[in-house]
There are 2 protein chains.
Amino acid sequence: MKAARATLADVARLAGVSLGSASRALSVPDQVKPQTLESVQRAVEQLGYVRNGAAQALASRKTRTIAALYPTLNNPIYADSIQALQQTLWAHGYQLLIASHEYKADREIDAARAIVERGVDGLILVGTDHPPAVLDLVHQYALPYVLTWSVDNTHYPHCVGFSNFDAAYRLAKRVVEHGHTDIALCGGAMEGNERARARVAGTRKALAESGIALRPEWMLEVPFSFEGGRHALRTLLERGARPSVVICGTDLQAIGVLDECRTQGIDVPGQLSVTGFDDIELANITHPPLTTVHVPSFEIGARSARHVLALVEARPAQDEMVLDAPVVMRDSLGRL
Amino acid sequence: MKAARATLADVARLAGVSLGSASRALSVPDQVKPQTLESVQRAVEQLGYVRNGAAQALASRKTRTIAALYPTLNNPIYADSIQALQQTLWAHGYQLLIASHEYKADREIDAARAIVERGVDGLILVGTDHPPAVLDLVHQYALPYVLTWSVDNTHYPHCVGFSNFDAAYRLAKRVVEHGHTDIALCGGAMEGNERARARVAGTRKALAESGIALRPEWMLEVPFSFEGGRHALRTLLERGARPSVVICGTDLQAIGVLDECRTQGIDVPGQLSVTGFDDIELANITHPPLTTVHVPSFEIGARSARHVLALVEARPAQDEMVLDAPVVMRDSLGRL
DNA sequence: CTGAAAGCGCTAACAC
DNA sequence: GTGTTAGCGCTTTCAG
């Protein structure tokens, strides 16, 4: 119980072997005589020895740590993916260093610097649209990285995600099939966020194919939160807009719209239809249940972890990287 | 854009100063002549130099990294606290290494080992009840740590949280005030989880004061999830139990119960009342809105970050560490 | 205020 | 298989 940390040299001395053998016993046990292995293990046990990660990292140039940089950590869609990410990395003996940039470009750049400084083995980023400074840094240090969530607007080969454009397109097609022509959009900030842009673009294309144009004053940009959705609907009503459907960029916003509808006594889908995007667990519990796009967030987390490790360890990647994001029809869009 | 990482020696050479001066220019800029500082900064800029964290950590014995070990990362209550934690650490120049143990003792021990190995400066743990091996390890290496969420069942001085016992007691008092005597409990696994235990104990005390005893067959242990809550209600009904209220250990479970009530056509609070615990954002949006205990999860994250940093940097701690967790009355418990 | 030099604890050749 | 040794890149005395 003393605070002085035992070193590998202590272990080696106690085990009566050399530093090198002690090191090998721990990292490549099968390159060591069983007897040596055993005496080292006993010494480790006895001293309560724990490796010094910094020294190991310095000497081996590996940290066994992967960093992930997310927009926010408490959006359920990201939280789910982080959970899967952490589990998968853990299963492979890696740790997770985590940061968020709150959708701010300069925060992202600072975070990237800090991450490179900590010397992680690989990096996971959300989305394909990043400040040049971030990608420059990552390239300069030849840090293996994967882009997640989106395969839109990029030629980078290591993306684990789906086409937000296509998914939004398919959803909007269903909205049109339900006879809607008075359509409002509740989206979020699009700068540095190709997912938000692709979702709007996909929606716009589907509507355009039916000759429906989006009115600028019916297109709102609000935060990705319940309150954002509530605010959007209030704004719409204040402007005298009377859409028959609100297509939301995320489930969080859609649920906010639903909640505001209840407050205002608006029947969904009777008077107004609402759609979301993400298919968080909650989307199936709302009143009415939410029509949305299913985003495989756990799967994205797990696969991006495996993929970045394949990159780090220079192994061939196994997983399919483009995932499905099917439309999930529920009552908030009404019935045909 | 070459992969070879510039070292401090390169910087020093280019700046025409010694290694030591270059180092000082970066870490203690005011102990260096302005001119030296400037030429070092120029060299850093020019080489795109980024510190090698492993070397810095090895030499200085500081990693500027704090680890947090949570039960799970995607429970909204933890996700919120992680978000606050990360933000606060970031503001102080620290990174966050994160792990989860999924409520399994051996996973927690392994995670603790891995964390100690990575050599973090401090540690944040959820709850007061941990496997002895975890605390032994942490003590052996004199790793500063804070316990969060709970101040129940411990004498450890560095706890940031609230009394789960008291909060549950207060909530149960309100339930009794509403005339309930047929009371079911929907809790979670209690092993290694003093929060769950304290919540049941607090509830039990309040009921006992009114001469109400809990029937063992009306006390369920289910996962901390929507599905857990649904399952609990189904089980209760199958057993022929007809409670007038279900007191849930967490909002997630309570919302599951609410959802199952809707499925089964049970009116809340007309036929059955439901209470939660946590006051996640969602609790205010359910039908009916949920009576629950407000747990200040952001505040816990922020304060525990500040507190562990105070410990790490041997500064006096500023914040009050025992927080309020008020009962929030909403419609799911009915009206008096 | 600055330069020189001694490590921090470990890995990875290299020779035996 | 094993021991020896030379660093990994930085911080931190210690002189000056």
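Naming: A, B, ... by sequence-line order, numbering from 1 per chain.
For the pair A:Leu58 CG and D:dA6 C1', the computed distance is 13 Å after rounding to whole Å. Note: CZ (B:Arg51) to C1' (C:dC8) measures 16 Å, nearest angstrom. Between B:Gln56 atom CD and C:dC8 atom P the separation is 18 Å, expressed in whole Å. In this structure, the CG atom of A:Leu8 is 17 Å from the P atom of D:dT5, given to the nearest Å. Rounded to a whole Å, the CZ atom of B:Arg5 is 21 Å from the P atom of D:dG7. In this structure, A:Arg64 places its CZ atom 16 Å from C1' of C:dC10, rounding to the nearest Å. In this entry the distance linking CD of A:Gln31 with P of D:dG3 reads 14 Å, nearest Å. At whole-Å resolution of the value, CZ in A:Arg118 and P in D:dG9 are 18 Å apart.
The side chain of A:Thr7 lies closest to C:dG9 when the candidates are C:dT2, C:dG9, D:dC10. For A:Ala59, whose side chain is taken as the heavy atoms from C-beta onward, the closest listed nucleotide among C:dC8, D:dG9, C:dC10 is C:dC10.
Inspection of the A:Tyr94 and A:Thr88 side chains reveals no N or O donor paired with an N or O acceptor under 3.5 Å. Of the N and O atoms on the side chains of B:Asp121 and B:Thr63, at least one donor lies less than 3.5 Å from an acceptor on the other residue.
Of the two residues near DNA chain C, A:Ala54 and B:Ser21, the one whose nearest nucleotide lies more 5' is B:Ser21.
In this structure, B:Ser60 reaches the sugar-phosphate backbone alone: every heavy-atom distance under 4.0 Å involves primed, P, OP1 or OP2 atoms, never a base. Counting any heavy atom pair closer than 4.0 Å across all strands shown, A:Thr36 reaches sugar-phosphate atoms only and no base atom. Nucleic acid contact class of B:Arg24 (heavy atoms, under 4.0 Å, all strands): base.
Distances shorter than 4.0 Å separate some side-chain N or O of B:Ser18 from OP1 or OP2 on C:dG3. At D:dC10, none of the side-chain N or O atoms of B:Ser23 fall inside 4.0 Å of OP1 or OP2 (strictly under the cut-off).
The nearest pair of heavy atoms linking A:Gly127 to A:Trp149 is N-CB, 4.3 Å.
In this structure, the side chain of B:Ser100 does not engage the main chain of B:Glu102 through any donor-acceptor pair within 3.5 Å.
Aromatic ring centroids of A:His139 and A:Tyr145 lie under 6.0 Å apart.
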